[in-house]
**Student:** 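I'd like to ask you about the structure that follows.
In what follows, every heavy atom counts, from backbone to side chain, and hydrogens, waters and symmetry copies are set aside. Positions are given from 1 along the sequence. This one's a predicted model, so the numbers in the text were calculated from it and none came from an experiment.
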Amino acid sequence: QVQLVESGGGLVQAGGSLRLSCAASGRSFSNYYMGWFRQAPGKEREFVAGIRWSTSYADSVKGRFTISRDNAKNTVYLQMDALKPEDTAVYYCAAGFSATMYNYWGRGTQVTVSS
């Protein structure tokens, strides 16, 4: 059983930056594949970034977002730079044993980018 809590969302102007954090419970954090997803109003949830030892990104955020993890702190981060209005969404942290199968989800944190 893993519990995930996101934080760091908020309102930012286009071109600005935010860093999201995901704090995870449990003693096996380093074994999990972690991911960030987002869901914008009227759209389906989409993959943003993932990490275990290597990283992967959606094409829409490559070069702007960076995912990282601090296993000692049981925390995953998403550094978001050069934000665009289309990045506006609820961002969710997820964990699992596979890059394609996520078993645990946080409740989400709102990111709003104004133009």
**Student:** Got a sec, which pairs hit disulfide bond (SG atoms under 2.5 Å apart) with one end in residues 56-115, sequence neighbours left out?
**Tutor:** Cys22-Cys93
**Student:** What pairs meet the disulfide bond (SG atoms under 2.5 Å apart) rule with one or both residues in residues 43-78, with sequence neighbours excluded?
**Tutor:** none
**Student:** Considering residues at least two apart in sequence or located in another chain, which fulfil the side chain to side chain donor-acceptor pair (under 3.5 Å) criterion with Thr100?
**Tutor:** Ser98
**Student:** Quick one: closest heavy-atom pair of Thr75 and Ser21, and the distance?
**Tutor:** CG2-CB, 4.3 Å
**Student:** Hydrophobic side-chain clustering at under 4.5 Å (ILVMFWY, transitive links): who's grouped with Val2? Put none if nobody.
**Tutor:** Leu4, Val12, Leu18, Leu20, Phe29, Tyr32, Met34, Trp36, Val48, Ile51, Tyr57, Val61, Phe65, Ile67, Val76, Leu78, Met80, Leu83, Tyr91, Phe97, Tyr104, Val111, Val113
**Student:** Quick check for you: to the nearest 0.5 Å, what is the distance between Ser115 atom OG and Lys84 atom NZ?
**Tutor:** 14.0 Å
**Student:** Thr112: what forms a side chain to side chain donor-acceptor pair (under 3.5 Å) with it, not counting sequence neighbours?
**Tutor:** Gln110
**Student:** With sequence neighbours excluded, what pairs up with Glu86 under the salt bridge (charged side-chain N to carboxylate O under 4.0 Å, His left out) test?
**Tutor:** none
**Student:** If you link ILVMFWY side chains whenever their heavy atoms are less than 4.5 Å apart, which other residues fall into the same cluster as Tyr92? By chain and number, please.
**Tutor:** Tyr33, Phe37, Phe47, Val90, Tyr102, Trp105
**Student:** Indicate yes or no for a side-chain donor-acceptor contact from Thr66 to the backbone of Gln79 under 3.5 Å, with no hydrogens or angles considered.
**Tutor:** no
**Student:** Sequence neighbours excluded, which residues qualify as side-chain contact (heavy atoms from CB on, under 4.5 Å) partners of Asn31?
**Tutor:** Ser28
**Student:** Kindly write out the residues that satisfy side chain to side chain donor-acceptor pair (under 3.5 Å) with Ser17, not counting sequence neighbours, or none if the list is empty.
**Tutor:** Asp81
**Student:** Using atom types as modelled and distance alone, determine if a side-chain donor or acceptor of Glu6 lies under 3.5 Å from a backbone N or O of Arg107.
**Tutor:** yes
**Student:** For the residue pair Gly96 and Asn103, what are the closest heavy atoms and their distance?
**Tutor:** CA-OD1, 3.6 Å
**Student:** CH2/Trp53 to OG/Ser30 distance, rounded to the nearest 0.5 angstrom?
**Tutor:** 7.5 Å
**Student:** Only counting residues at least two apart or in another chain, list the ones meeting salt bridge (charged side-chain N to carboxylate O under 4.0 Å, His left out) with Lys62.
**Tutor:** Asp59
**Student:** Only pairs at least two apart or in different chains count here, so list each salt bridge (charged side-chain N to carboxylate O under 4.0 Å, His left out) that has a residue in residues 44-57.
**Tutor:** Arg38-Glu46
